[in-house]
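A short write-up of the structure that comes next.
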Amino acid sequence: MIQEYEEKELKKKSIDELTHLFMDIINKQNFILIEGIEYLIEENYEHFKKNMTFVIETTTEVQVKKVFESKIFTSKLMFSKADRLKLFNKINDIKNIAEYMANRMLVYRIIFPDNEFKLRVSRILESLKFISNDLATSVNLVGTDLKKAHDICEEIKEERRKMRKLEFQLIQRLYHYDMDYLSRTFLYLKDMVGDIMMLADHIKNFSEYIQFLAVKYLIFK
Amino acid sequence: MADGIGQIIIIVLIVLAIALAFSIGANDETLSALVGTGVIKFRMALIIGGLAIGGGMISTSGGFVAKTVGSDILGEGLVYTTSMLLTVLISSILWLVIGSFAGIPLSSTHSLIGSVVGVVITYSIFQGGVDPQTAFNWEKLGEVILSWFISPISGLLVTYLIFKIITRVYLKQLKGLNQIETSEQYFKWILLVAVIFAEIWVGANSGEALGILYGLLDNGSIEVDQYFLYAIICGIFAFLGIYIAARYVIKNLASQMIDSRPSEGLVIQTSSAIILMIATLLSLPISHSHVIVFCIIGLNLAQKKEVDTKGLGRMAIYWVLTFPIAAIMAGLLYFGLILIGFI
């Protein structure tokens with residue numbers, strides 16, 4: 001699903017190019033995770049399991065990470081080195097959260113309470129796709145157009161605000177089902193919504209960091 | 001005073017002047033901006049900086065600031081005695097040591113000139129039979145004191161202007177981090193030139209050491225060729241000060257500057273060097289640290305960043321107080337030496 005890279009090929013890339021590549025890989029993994037949750041909604045358990053397993057087991061990004069880390073220490077970009085490293089680590093955190101989510105989702109085969117619940121989760125997932133994609137665009141623009149990256153991050157924050165409303169409504173709906181609050185189904189759904197919120201919050205915080213970089217480095221007209 | 005003791009005092013003064021030159025190098029942090037950017041290797045930076053400061057000191061030893069401190073500041077016909085020079089040195093060093101222990105940032109230039117004023121006033125009243133009003137070249141002294149106020153403010157304005165011009169002409173056009181990083185790579189090399197330029201004028205404007213030697217030359221304690229020999233030794237010791245002792249301060253400051261942009265360092269160093277150059281060419285000893293602080297403020301204002309006005313106010317009080325306190329201390333010390341019959 002994701003292209004593998006030769007170490008030699010990676011070593012030729014610049015710090016900025018490695019960051020782009022890493023972000024694109026993580027974004028694709030995010031999409032596979034979201035697609036997996038959509039399969040779960042459709043009760044296509046086979047594909048769901050395949051996607052989640054892929055998110056857990058894939059190591060394509062590790063190669064890029066290793067080359068980046070070896071390059072950044074010898075890099076001559078003294079003044080922006082720390083920020084470049086932080087940016088990269090924040091991308092890596094997305095992978096960690098996605099992996100954690102995938103592991104948790106595989107522990108139990110869930111059956112959704114009703115179609116309305118499914119629909120609302122799908123809407124949240126659409127927003128998650130949107131902000132994940134926007135974040136990838138924004139990270140890739142850090143090297144070439146900080147102002148545009150800053151503006152995209154503003155859109156991410158706006159979308160996250162909308163998402164939060166949907167998430168609270170979903171939680172409210174969940175608590176109003178006639179369901180045992182200690183049941184595996186309830187706990188699973190509650191954790192699933194919580195995990196989606198965690199990933200979305202990380203993306204929002206990340207976008208704020210990009211805005212911080214824009215303010216730090218850019219002299220606005 | 002016996003000739004033997006007089007000779008010893010002259011030797012002590014020469015040794016102290018050389019030690020002072022060493023401490024000027026040892027306290028210099030101009031190189032930290034350069035080391036922080038990693039443009040050249042640390043040892044190479046120390047050698048280049050040391051050569052620049054030593055070169056600056058030697059090349060202007062024939063007059064300029066050294067002449068102002070060692071001769072021009074005094075009234076017509078008045079020359080320093082060796083005891084006066086010794087008291088000036090002891091007093092200014094004492095005040096700087098007290099300031100260091102109290103954690104107060106002081107200017108060695110202000111302290112030295114303050115001590116000169118205190119000693120000369122005491123001398124003229126109690127010993128020399130000179131009218132204190134004619135003991136000084138008031139015009140020159142006035143120029144020196146005025147320059148202490150004008151130089152930091154000029155530093156602020158020059159930095160503000162240079163940064164605004166660079167921003168309008170170039171920095172504003174940079175869009176992404178890649179472009180900024182590439183341009184900063186070029187700024188690093190220009191910064192190297194600016195730091196060498198700044199170091200030359202730091203050395204040239206550090207009149208404390210050479211001023212004392214010029215005083216000895218003026219009162220006939222040493223010959224012209226001896227003066228230039230000692231000036232060269234002072235230059236070498238300023239180099240050694242940077243190479244041996246300043247490395248710790250520079251390393252420490254440089255590690256804090258790793259995050260700062262070479263273009264910002266360039267603006268600050270260029271501005272302070274311009275101010276130091278003008279002051280040196282006008283033979284005015286000014287405080288390098290005061291100029292640098294105001295250059296940083298100028299940059300912050302240009303970047304619309306916050307300025308620590310409270311800290312600045314506290315610093316300004318110490319700066320203003322340094323001159324009168326050093327004068328009073330030196331005056332009392334000299335008076336004490338007269339009382340005990342040392343002079």
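By convention in this document, chain letters (A, B, ...) are assigned in the order of the sequence lines, proteins followed by strands, and residues within each chain are numbered from 1.
At a 4.5 Å heavy-atom cutoff, B/Q303 makes no contact with chain A through either its backbone or its side chain. With a 4.5 angstrom heavy-atom cutoff, A/K216 touches chain B via backbone and side-chain atoms both. Heavy atoms of B/K188 lying under 4.5 Å from chain A belong exclusively to its side chain. Looking at B/S260, only its backbone comes within 4.5 Å of chain A, counting heavy atoms on both sides.
Under a cut-off of 6.0 angstrom, the local environment of NZ in A/K157 is crowded, with over 12 non-hydrogen atoms contributed by other residues, nucleotides or ligands. The number of heavy atoms from other shown groups lying within 6.0 Å of CD (A/E7) does not exceed 12. Residue-environment remark: NZ (A/K118) exceeds the threshold of 12 foreign heavy atoms within 6.0 Å. In this structure, A/K65 places its NZ atom where only 12 or fewer heavy-atom neighbours from other residues, nucleotides or ligands lie under 6.0 Å away. In the displayed structure, A/M198 atom CE is contacted under 6.0 Å by more than 12 heavy atoms of other residues, nucleotides or ligands. The neighbour count for B/F187 CZ, taken as heavy atoms of other residues, nucleotides or ligands under 6.0 Å away, is above 12. By the neighbour-count criterion of 12 heavy atoms within 6.0 Å, atom OH of B/Y186 is sparsely surrounded, having that number or fewer from other residues, nucleotides or ligands. B/K251 NZ: 12 or fewer foreign heavy atoms inside a 6.0 Å radius.
At a heavy-atom separation below 4.5 angstrom, chain A is approached by no residue within residues 272-282 of chain B. Heavy-atom neighbours of chain B within the stretch residues 137-144 of chain A, taken at a separation under 4.5 angstrom, comprise A/V142, A/G143, A/T144.
Between the CG atom in B/L177 and the OG1 atom in A/T19 there is a gap of 9.5 Å [rounded to 0.5 Å]. Note that CG of B/N178 is 11.0 Å distant from CG of A/D145, once rounded to the nearest 0.5 Å. Between B/E181 atom CD and A/D16 atom CG the span is 7.5 Å, to the nearest 0.5 Å. Remark: A/F79 CZ to B/I180 CD1 distance equals 6.5 Å, nearest 0.5 Å.
Chain B forms the most heavy-atom pairs under 4.5 Å with one residue out of A/S14, A/S80, A/A82, and that residue is A/S80.
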